[in-house]
Amino acid sequence: MYIPMIFFSITIERRKLTPEQKWARYQQKKAIAQWEEQKHQVYSQFPEYCIR
């Protein structure tokens with residue numbers, strides 16, 4: 001029995017972000033970066049307690 005191959009393509013459209021969504025993502029990335037920086041500062045102050 002012969003099964004024909006079906007070729008198809010999937011096009012993925014990137015969602016258009018509104019300016020509010022862009023601002024929210026920027027704020028979120030900034031907050032995460034700030035949190036990471038604070039975490040690293042604590043680690044540098046107390047390295048013996050932060051070793052896993």
Side-chain angles (χ1 to χ4, degrees):
M1 182 171 166
Y2 177 73
I3 300 174
M5 293 200 65
I6 299 171
F7 293 97
F8 62 94
S9 64
I10 299 173
T11 57
I12 300 173
E13 278 189 37
R14 293 193 68 169
R15 288 188 335 166
K16 304 288 184 196
L17 296 177
T18 65
E20 292 83 18
Q21 289 172 326
K22 288 181 182 179
W23 179 249
R25 282 197 179 174
Y26 168 75
Q27 293 287 69
Q28 184 180 27
K29 287 180 182 180
K30 194 167 112 177
I32 291 171
Q34 185 180 13
W35 180 73
E36 289 285 335
E37 180 62 32
Q38 288 176 352
K39 187 171 74 169
H40 290 302
Q41 287 177 357
V42 169
Y43 285 175
S44 66
Q45 289 175 353
F46 306 104
E48 63 273 7
Y49 298 112
C50 298
I51 297 174
R52 292 183 182 189

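Bear in mind the structure is a predicted one, so any value in this text is a computation, not a measurement. For the single chain, residues carry numbers from 1 onward in sequence order. All heavy atoms count here, side chains included; hydrogens, waters and symmetry mates do not.
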Considering non-hydrogen atoms only, spot the tightest contact between L17 and R25 and give its length. CD1-NH1, 3.6 Å
Quick one: does K39's side chain get under 4.5 Å of Y43's, heavy atoms only? yes
With side chains defined as the heavy atoms from C-beta onward, is the minimum distance between K30 and Q34 less than 4.5 Å? no
To the nearest 0.5 Å, how far apart are CH2 in W23 and CD in Q28? 13.5 Å
